[in-house]
Each structure stands twice: as structure tokens, then as C-alpha cells.
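Please read the structure below before turning to the comments.
All values reported here derive from a predicted model rather than from experimental measurement. Heavy-atom basis, side chains included; hydrogens, waters and symmetry copies ignored.
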Amino acid sequence: MMDFARVQKELQECSKDIEGSGIRVTPKTDATLARLVGTIPGPIGTPYEGGTFQIDINLPDGYPFEPPKMQFATKVWHPNISSQSGAICLDILKDQWSPALTLKTALLSVQALLSAPQPDDPQDAVVAQQYLKDYQTFVGTARYWTESFAKISSLGVEEKVQKLVEMGFPEALVRGTLESVGGDENLALEKLCSG
């Protein structure tokens, strides 16, 4: 049986330090404390800087003796996070979980993972290969995904073209692809990546 008093206490602890840590945890609905949403800021000095990342948190009945199930709701380009599903490869969310850990410490660990990828133990093999073999392209792609998915902005066509060209795609191809998808930069990126 889940310890609801502990979950409520953890939520209060998180809300006390939002200004300092930027980490927030809120219930997904008012009906239950088993489904939560965590929010973490992208770490400074990383391609994720300036982004705000949402993480779906599902607490099992055995919490805190079983780890919370966390996955990114915000798309992120990272070797240890699935670019498709948002699944996170992090030991404390699996076999290294301890009841002494909290939702906040788990989210701090996820934030630390953004700063220090572990490409030798990947969740997303494609991203890990890019990280290991073409680091500059990895950084450019991670920044682009942060700008596209973790920031609220409405870019003009020229900014979209420039971002895609900076990722290494030829300008003429970028302009044609953007035009063919009605200016949707996410669809354009998928089309460019799939060749």
C-alpha cells in the first residue's frame, strides 16, 4: 500500500524549494497522488540549458519501497533517454532505488543525467552513437530539440532554416523540406533525418 502521507510530505518539500532548485512536482489530477508531473530546468552549460522538461511520474503501490516510474513527457535528445518514448535509463529508477530517496532526489538525479550522459549504457543507441562518433552534431541536435520541444517560442522561417542548416543539412534542401511540410520544423527534421 502506497504511503500517501509520505507523498504529500514530499510534494510540500518540493514546493518549498522551487525558487532554488527549479524542480517542481504536482499531481496530474486531483483524484490521486499516484500520477504526478515533475518539472526540471535544463542544466546550465549543457545543450539543454534554457529548456523546461516535464516528466511523467507514476507511483507504484509499493512506493517508497519500489522506485517511481518516470519518463520524459518532453521530447529530449540524450543517450540515456529514449527519443521515441521518453524512457529513462538511470540506476536509481531501477535496481539502485532506496526508500531513503525521494521524488526530488530522483528528479535531481535525472537533471544530473542531462549534464553527464552515459553513452556506454544507452537507452537510445542512435543518440549514443552520435554522441560518441560526432559530438558536435549531437550537441547541435540536442540544442535544436531543446529549442523545439522544451521552450515556448514562435520562430520565423529564417530562424528555422538557420537552425536546421546548423545541424548540417544543406540550405536548399532545408528550405524545400520546410515548404513541403508547411513550415512545421519538427516534421521537416523528421523528413530530413529519414533521408
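- Other residues, nucleotides and ligands place no more than 12 heavy atoms under 6.0 Å from the NZ atom of K133.
- One distance of note links CZ of R175 with CG of L173; it measures 12.0 Å at 0.5 Å rounding.
- Sequence neighbours left out, the pairs with a member in residues 46-60 that pass side-chain hydrogen bond (donor to acceptor under 3.5 Å, both in side chains) are K28-D56, R35-N58.
- Going from atom CG of L33 over to atom CZ of F4 covers 6.0 Å, rounded to the nearest 0.5 Å.
- What you find for F53 and K75 is that their closest heavy atoms are CE2-O, 4.4 Å.
- Counting heavy atoms from C-beta on, the side chains of T141 and Q130 come closer than 4.5 Å.
- Between the SG atom in C14 and the NZ atom in K9 there is a gap of 12.5 Å [rounded to 0.5 Å].
- Side-chain contact between F149 and W77 is absent, with no heavy-atom pair separated by less than 4.5 Å.
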Side chain to side chain contact (heavy atoms under 4.5 Å, CB included) between L164 and E171, worked out: CA-CA 8 Å; L164 290 166; E171 184 173 336; over 6 Å; no
From CA spacing to verdict: side chain to side chain contact (heavy atoms under 4.5 Å, CB included), V76, L114: CA-CA 10 Å; V76 61; L114 290 177; 4.2 Å; yes
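- The minimum heavy-atom distance between P122 and A128, with the atom names listed, is CB-CB, 3.5 Å.
- By the 4.0 Å N-to-carboxylate-O rule, R6 lies close enough to E10 to be salt-bridged with it.
- Between the side chain of E66 and the main chain of D61, no donor-acceptor pair closer than 3.5 Å is present.
- Within a 6.0 Å sphere centred on CZ of F65, heavy atoms belonging to other residues, nucleotides or ligands number 12 at most.
- Here the side chains of L11 and T26 are not in contact, with every heavy-atom distance at 4.5 Å or above.
- The two atoms that bring L93 and P68 nearest to each other are CD2-O, 4.0 Å, heavy atoms only.
- Separation of atoms CG (L192) and OG1 (T177) is listed at 4.0 Å; rounding is to 0.5 Å.
- Y135 pairs by the ring-ring contact (aromatic ring centres under 6.0 Å, His included) definition with Y131, F138, not counting sequence neighbours.
- Minimum interatomic distance between G38 and L107 (heavy atoms only, all atoms of both residues): CA-CD1, 4.1 Å.
- By the rule that hydrophobic residues join a cluster once side-chain heavy atoms approach within less than 4.5 Å of another member, V37 and L90 end up as members of separate clusters.
- Counted by atom type alone, S83 and D124 present one or more donor-acceptor pairs between their side chains at under 3.5 Å.
- Contact check for Q111 versus P41: side-chain heavy atoms found under the 4.5 Å cut-off.
- In this structure, the side chain of Q118 engages the main chain of A116 through a donor-acceptor pair within 3.5 Å.
- If you check the side chains of Q12 and Q8, you find no donor sitting under 3.5 Å from an acceptor.
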Side chain to side chain contact (heavy atoms under 4.5 Å, CB included) between L103 and L59, worked out: CA-CA 10 Å; L103 295 171; L59 300 180; 3.8 Å; yes
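- When all heavy atoms of M2 and V7 are compared, the closest pair comes out as SD-CG2, 4.0 Å.
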Audit row: N80, I88, side chain to side chain contact (heavy atoms under 4.5 Å, CB included) steps and yes/no: CA-CA 6 Å; N80 307 107; I88 304 166; 5.9 Å; no
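- The CD1 atom of I23 sits 9.5 Å away from atom OG1 of T39, with the distance rounded to the nearest 0.5 Å.
- To the nearest 0.5 Å, atoms OG (S21) and NZ (K104) are separated by 4.0 Å.
- Ion pairing of R143 with E147 is absent here, as no side-chain N (NZ or NE/NH1/NH2) approaches a carboxylate O to less than 4.0 Å.
- Hydrophobic clustering (ILVMFWY, side-chain heavy atoms < 4.5 Å, transitive): V139 and L132 are in one cluster.
- For the residue pair K163 and S148, the shortest heavy atom distance occurs at NZ-OG, 4.1 Å.
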